[in-house]
Amino acid sequence: MPCVGDWLNNPLSIVQGFFAQNVPNSDWEKKVTEYFKEKLKENNATNWVPSLNDVPVHYLKPNSLVKFRCMVQDMFDPEFYMGVYETVDPNTNARVLHFGKYRDVAECGPQQEIDLNSSQTVTSERQTLYCVPVPGESAWVKEISFLTLASQARVSPSTSYTPSRHKRSYEEDEDMDLHPSKQKEQHMGNRGGGDIHGCVEPKRLETEAPAGHHLISPNCSPPLDLNFPLPGEKGPACLVKVYESWESFKVNDVLEVYGVLSVDPVLSLVNSEERDSSALDPMECMDTAEEQRVHSPPASLVPRIHVILAQKLQHINPLLPACLKEEESKTFVSNFMSELSPVRAELLGFLTHALLGDSLAAEYLILHLISTVYARRDVLPLGKFTVNLSGCPRNSIFTEHIYRIIQQLVPASHRLQMTIENMNRSRFIPHKDYAANRLVTGVLQLASNTSLVVDETQLEQGQLDTTGVHNVTALGNLITWQKVDYDFNYHRMEFPCNINVLITSEGRSLLPSDCQVHLQPQIIPPNMEEYMSSLLTAVLPSVLNKFRIYLSLLRLLDYSISDEVTKAVEEDFVEMRKNDPESITADDLHKTLLVARFLSLSAGQTTLSRERWLRAKQLEAQRKARLQQQKCVNGNEL
Amino acid sequence: MSSPASTPSRRRGKRGRGSNPSTPQDARSPPSQKRRADDSTSTGDLQPMPTSPAADVQSPGAADALFSSPPQFRHSAIPLDFDISSPLTYGTPSSRVEGTPRSGVRGTPVRQRPDLGSARKARQVDLHSDGLAEDIVATKQSGQKLVIWGTDVNVASCKEKFQRFLQRFIDPLDKEDEDIGLDLNEPRYMQRLQEINIVGEPFLNVNCDHLRSFDENLYRQLICYPQEVIPTFDMAANEIFFDRYPDSILEHQIQVRPYNALKTRNMRSLNPEDIDQLITISGMVIRSSQLIPEMQEAFFKCQVCAFTTRVEIDRGRIAEPSVCKNCNTTHSMALIHNRSMFSDKQMIKLQESPEDMPAGQTPHTVVLFAHNDLVDKVQPGDRVNVTGIYRAVPIRINPRVSSVKSVYKTHIDVIHYRKTDSKRLHGVDEETEQKMFTEERVKILKELSKKADIYERLSLALAPSIYEHEDIKKGILLQLFGGSRKDFTHTGRGNFRAEINILLCGDPGTSKSQLLQYVYNLVPRGQYTSGKGSSAVGLTAYVMKDPETRQLVLQTGALVLSDNGICCIDEFDKMSESTRSVLHEVMEQQTLSIAKAGIICQLNARTSILAAANPIESQWNPKKTTIENIQLPHTLLSRFDLIFLMLDPRDEAYDRRLARHLVSLYYQSEEKMEEEYMDMAILRDYIAYARSYVNPRLSEEASQALIEAYVDMRKIGSGRGMVSAYPRQLESLIRLAEAHAKVRFSEKVETIDVEEARRLHREALKQSATDPRTGIVDISILTTGMSATARKRKEELAQALRKLIQSKGKSPSLKYQQLFDDLRAQSDTAVTKEMFEEALRALADDDFLTVTGKTVRLL
């Protein structure tokens with residue numbers, strides 16, 4: 001029986017084993033998935049698998065089992081490959097069957113040739129997904145998932161790689177550069193000298209070494225755009241090859257895949273060969289050079305993962321069990337629920353401090369942070385709760401700090417500075433580039449439950465150009481309908497999304513929002529910078545983790561309203577309308593119901609109680625009174 | 001380039017026609033022997049194939065004997081008595097026909113078909129080494145039947161069957177767009193051949209559906225072995241053609257182009273099973289390459305002795321002769337480009353059409369290769385149905401690397417294009433919508449239509465998340481169905497509008513935008529614009545100069561794009577005056593005239609308009625009329641069939657129901673919601689079916705009812721000396737009644753339809769055309785922008801003012817303010833400044849006085 005090291009370090013040998021046993025029929029494929037499923041179920045086995053998110057590609061052994069937490073950014077066309085093929089030795093005429101699954105390259109020994117006409121050949125289909133690390137993933141998510149890995153597994157195959165490297169700063173990376181390339185040479189030595197050239201170069205691109213390296217390799221094409229939705233993101237992009245049920249995966253899904261890492265340098269080599277010969281042979285140049293570059297980038301830069309197991313993730317919070325349906329996770333949930341109210345109180349206190357002593361705003365911020373689109377009724381998304389935090393001091397670092405705090409709490413977030421320049425320059429909506437045949441990403445291509453903090457205090461008067469107008473419209477659509485219309489040049493296509501948008505602004509925001517909360521600072525700290533950073537350091541890491549669990553967990557809870565309460569709500573609404581038909585509309589009922597929903601959930605209750613409903617009404621009344629007050633203060637400002 | 005490696009997958013393709021549907025799973029398992037066995041059982045008359053084809057080869061002579069006329073058999077690599085049929089002669093036609101009379105089967109040059117050819121050539125070479133001539137290795141059958149190797153196609157019988165099809169196929173019911181001038185009761189394809197004789201375009205398009213209804217087996221063979229069957233069809237067609245028209249001169253022999261293969265419709269469903277089969281898929285062209293000259297045959301000349309030789313291209317490579325056969329000099333042969341043969345080729349990228357895509361996924365693309373005259377037939381942006389052969393080619397073996405990328409490249413060799421929307425802009429045809437309904441679906445829909453409450457059901461299914469507003473939903477539902485199109489061109493009135501236009505106006509926050517969004521999402525050709533964000537240009541069309549070609553291009557805007565659909569315009573009131581003015585033509589004539597930058601044209605814009613407007617004071621003022629509330633020109637308003645007010649009713653029972661509805665939104669699970677209401681997909685199909693297949697006409701009683709309704713409407717007003725209905729309203733009523741009949745899938749408009757139309761119209765009128773001062777429905781609010789009572793009051797005031805001025809005596813000028821105050825003091829009702837000014841203007845129009853600044857002068 002193969003031992004642990006085997007299935008981790010050389011999963012293909014196990015596949016080979018199953019293949020050899022069951023060759024006449026296709027059972028082996030099923031057996032392989034089952035085997036790995038079993039293996040990964042064993043005590044914390046998932047933690048033994050090195051993750052591409054934490055470990056740089058060049059430290060991982062080729063053809064070993066890896067995992068990757070990622071978002072599907074684009075889907076390429078399905079490809080046909082040789083599922084089973086036969087090699088023949090021209091000297092002895094000996095024929096051997098091989099499997100092509102989980103491989104990029106059809107292998108054969110030095111003395112063998114692939115018999116392309118063999119009757120045994122089976123053509124199969126697989127789908128390639130272009131995946132990027134979850135955009136806007138908070139640093140703490142990376143750190144924690146990394147720590148769990150480091151504490152339980154010392155699988156750092158074939159290298160003297162130490163986990164501390166992860167925290168090393170960017171500059172230091174470059175010093176490391178020479179070291180791994182040597183490493184590479186070792187295990188690629190048998191492939192011939194030429195390969196190294198092809199591999200080292202792209203890695204330099206990856207670490208974005210200073211421009212000098214272009215001089216070293218004049219034939220190197222400009223650095224490949226890895227298509228990360230958010231600017232300044234790092235991490236490997238990956239071509240994930242899926243063999244089963246790829247219809248269930250959608251763009252922007254967050255996946256965790258376990259599969260065979262393939263960084264065979266031949267992949268890059270084949271490309272360059274093809275590109276050279278394409279000039280001669282028109283039949284081969286189906287794709288433009290640009291498309292080639294995008295669809296088969298150098299393997300060292302964009303590694304391939306041949307998926308054995310893949311699952312969609314509900315959330316990416318490493319502090320929570322991945323799937324809440326399972327038995328063990330149920331105990332986790334109930335344990336946490338028992339200590340929910342102190343956590344909520346603490347979180348409220350923390351946020352109140354962060355919002356300069358405004359507890360109402362803090363309350364609304366909690367509701368906002370646990371909101372999620374739980375259903376769509378034809379076009380209407382239900383459960384979105386966009387909060388517009390108005391009254392933020394202009395040109396201060398306050399908004400930045402608010403974002404920093406949110407970043408500490410949620411697993412994925414992004415801060416969008418709404419400056420004229422930003423709006424005119426950046427690309428919000430993903431669009432299809434037909435020359436390269438890929439979906440060029442935009443800022444609004446985000447995974448579900450990402451927090452988007454729009455900072456409107458940065459906006460100055462000025463002229464928005466066409467892009468700017470489009471961007472603002474797209475942002476507005478995102479908030480109102482929770483969907484982004486991707487631009488496919490000849491047509492647009494709607495992609496539903498689920499993004500929590502928080503708008504910080506001075507007056508009322510120009511973007512639509514579900515509810516506007518005017519900030520009323522109780523304390524004005526003399527030094528904002530100091531105040532905010534002391535706030536964060538004052539929180540114990542264990543408490544912070546509880547906050548994180550709290551926010552992620554409550555999003556996933558179910559919710560219902562009993563008939564009784566429905567009646568009460570009805571009565572209430574009718575009553576309110578009677579007293580003041582002008583100011584209470586259906587819209588207000590919508591909002592109050594939303595507030596009541598999240599208020600109940602934030603207390604861990606999955607049904608609406610009468611008290612909560614009254615509390616929700618009370619909160620809404622307070623909020624409205626504040627807005628009214630503000631209107632009076634500013635005269636005709638609103 | 002194709003190589004024999006495509007054969008393994010081919011074999012599975014052959015298996016596919018066996019009785020058992022093969023999943024990819026079991027496709028991998030069976031060894032070839034079993035597959036052969038499958039073949040033989042499924043075809044019955046075929047013996048199990050020998051494992052090695054060479055074992056059972058017949059002499060080339062046998063193959064010759066099989067064909068009475070070898071020249072037509074173009075695939076043969078055996079040297080024939082003349083060279084014309086060889087693919088080698090392909091080139092510019094003029095270069096090759098010297099001397100020979102160009103008519104008849106023999107005289108007309110054969111043009112090579114690169115769309116079929118690539119794999120064949122490869123195999124030819126392959127088998128050559130085995131001492132075989134081409135792939136027609138025949139196996140001996142009990143009844144001396146010969147089939148092409150690896151298939152069950154018997155050339156002779158296949159040809160005969162196809163000839164019979166051409167000569168006999170008649171389908172009087174099947175009317176196609178291209179069938180202009182065809183007699184449907186005569187054999188269709190014989191008329192096509194006649195057309196070829198007259199026009200001289202040697203292509204015969206054959207609808208596979210016809211073939212299927214004629215001979216199921218032949219159809220199956222065509223789908224499974226297009227590469228072998230299509231040349232056979234070519235032969236058959238040519239024989240018939242030159243038999244009939246022996247003197248006809250064609251550029252080359254007729255090529256048969258099958259289309260509309262039912263095998264695969266969707267790009268997403270392509271799988272390894274389809275390799276080397278005939279498929280038809282639809283999609284949108286996104287990119288086309290430049291023309292690629294593909295060398296078919298290289299021409300070499302010896303530098304020493306001027307001996308020339310031709311070498312055919314094999315798998316994309318030229319085997320350069322190293323030794324001159326004539327003078328035995330080595331390395332003396334040089335390629336002469338000018339005398340080599342090339343064929344045109346183009347690479348095209350086809351993308352899945354947006355309708356075929358599952359939500360949340362990106363579209364797939366597929367590569368097409370077009371050859372010869374199919375090059376440049378389509379442009380990026382065209383929607384096409386492509387029929388062709390699906391190919392998979394392994395990525396080339398690199399001699400320096402022992403390993404091979406284990407991936408195949410796939411493409412489609414195009415045989416036939418059919419543009420799906422070529423007529424859209426020209427509007428020759430009525431419905432180009434090629435919506436396919438399966439029989440079960442039609443049955444479901446028809447069953448639905450029989451339900452008594454279908455109208456209510458459908459209106460409930462419409463935007464279920466929006467509460468109540470049932471009449472509005474019903475109105476929108478009728479708009480979705482639309483009236484019947486009538487053509488009065490011969491009487492000089494042109495087309496009558498069939499589309500129903502609806503305006504929603506009302507308080508902000510009454511889910512108008514939501515309704516619009518819903519409709520936009522529901523209809524296939526909907527457009528959504530916002531009044532604030534659209535310009536006249538964006539709505540209509542504009543002329544653009546293509547930066548690359550310097551060609552003027554007409555770009556169409558939202559209204560033209562939603563031809564046959566619905567154009568949703570939000571914030572209609574915020575639209576600029578000039579933008580709105582373009583709507584006048586669209587909303588009544590259903591066309592758009594454009595005259596700019598040298599392009600003058602009239603585009604069809606048969607679009608329904610669903611507009612939403614906010615009141616001018618942001619809140620609806622119940623004391624004002626619709627016109628006053630939304631400040632839209634009445635010329636435009638009268639073009640709306642229905643104008644609905646979406647007001648916030650202040651009513652306890654309503655509030656209660658609303659509250660319950662909203663609360664349920666917040667906790668019901670998604671599945672439960674779906675149970676309650678009709679599926680959006682069903683609704684969509686229902687509407688699409690009704691729109692394309694139901695065309696109701698007015699029945700006698702219905703016309704009577706309509707007349708009555710119209711007379712009634714006129715009567716309401718006539719009592720008080722006003723007219724409350726105009727012919728336009730009658731037209732609206734007819735349209736609404738027709739739409740209602742469509743909802744019932746009824747071919748006849750009956751009284752109940754008229755009744756509902758009348759009710760809805762009255763409801764809408766009640767809401768929008770009620771004179772707030774009298775509470776009476778008054779259509780003249782819409783047509784003149786002013787209610788009859790208001791007009792009467794204006795006149796009275798003017799008279800009073802005239803009397804007042806006259807009572808002041810002979811003074812030639814009066815102070816404006818003074819006069820105003822006097823009038824107010826005199827009048828028993830409140831006189832506003834506007835009213836006063838209006839009265840002054842009325843008097844000025846009568847040449848009674850003039851107003852200059854602050855003084856009023858009498859004339």
Side-chain angles (χ1 to χ4, degrees), chain A residues 24-26 74-75 77 79-84 100 103-108 110 114 116-119 121-125 250-251 266 270 273 281-284 286 375 377-380 382 434 437 439 490-491 493 495 559-561 566 569-570 573-574 577 581 585-587 589-590 593 597, chain B residues 1 3-5 7-9 24-25 27-29 32 271-272 284 286-287 292 294 316 345 347 354 360-362 364-365 367 381 392 394 396 398 401-411 463-465 509 514 517-518 521 648 650 652 655-656 658-660 662-663 665-667 670 673 680:
Chain A
N25 48 47
S26 57
D74 194 4
M75 295 166 148
D77 293 328
E79 56 187 23
F80 293 175
Y81 68 98
M82 293 178 236
V84 176
R103 282 180 178 164
D104 277 311
V105 174
E107 282 183 14
C108 55
I114 291 175
L116 291 168
N117 304 320
S118 161
S119 57
T121 308
V122 174
T123 313
S124 315
E125 197 180 4
K250 290 179 177 159
V251 173
V266 175
V270 168
E273 281 291 330
D281 185 357
M283 199 61 181
E284 291 293 336
M286 297 178 183
R377 200 89 190 249
D378 35 76
V379 288
L380 188 73
L382 296 173
Y434 284 114
N437 194 16
L439 189 66
Y490 303 101
H491 60 101
M493 215 152 54
F495 283 82
Y559 176 76
S560 65
I561 302 178
T566 311
V569 170
E570 262 172 57
F573 181 65
V574 173
R577 291 267 294 181
T585 61
D587 230 27
L589 182 62
H590 259 288
L593 278 166
R597 176 191 173 94
Chain B
M1 201 52 215
S3 81
T7 39
S9 38
Q25 285 267 311
R28 251 165 253 149
S29 50
S32 61
N271 63 36
M284 191 168 64
I286 51 168
R287 223 150 56 82
I292 307 164
E294 190 184 31
K345 177 170 162 180
M347 189 208 69
Q361 305 216 339
T362 54
H364 285 178
T365 56
V367 176
R396 182 132 49 96
N398 191 318
V401 186
S402 62
S403 331
V404 180
K405 231 179 146 183
S406 61
V407 179
Y408 295 97
K409 289 235 160 206
T410 53
H411 69 264
S465 68
Q514 228 186 85
Q517 274 280 343
Y518 182 87
N521 278 311
D648 207 0
R650 299 197 175 130
E652 198 180 309
D655 290 347
R656 195 177 295 274
L658 176 68
R660 192 175 308 143
L662 287 182
V663 174
L665 268 188
Y666 280 85
Y667 72 88
E670 205 139 348
M673 290 194 268
M680 195 153 159

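The chains referred to below are lettered A, B, ... by the order of the sequence lines, with proteins before strands, and numbering in each begins at 1.
In this structure, A/Lys250 NZ and B/Thr362 OG1 are separated by 12.5 Å, a value rounded to the nearest 0.5 Å. With values rounded to the nearest 0.5 angstrom, B/Thr365 atom OG1 is found 3.0 Å from A/Asp77 atom CG. To the nearest 0.5 Å, the span separating NZ on B/Lys409 from CD on A/Glu79 amounts to 9.5 Å.
A pairwise comparison of heavy atoms in B/Tyr408 and A/Met82 identifies OH-CG, 3.3 Å as the closest pair. B/Thr410 and A/Phe80 make their closest contact through CG2-CD1, 3.5 Å (heavy atoms, listed as atom of the first residue, atom of the second, distance).
Looking at A/Phe573, only its side chain comes within 4.5 Å of chain B, counting heavy atoms on both sides. For A/Met493, the part lying under 4.5 angstrom from a heavy atom of chain B is the side chain only.
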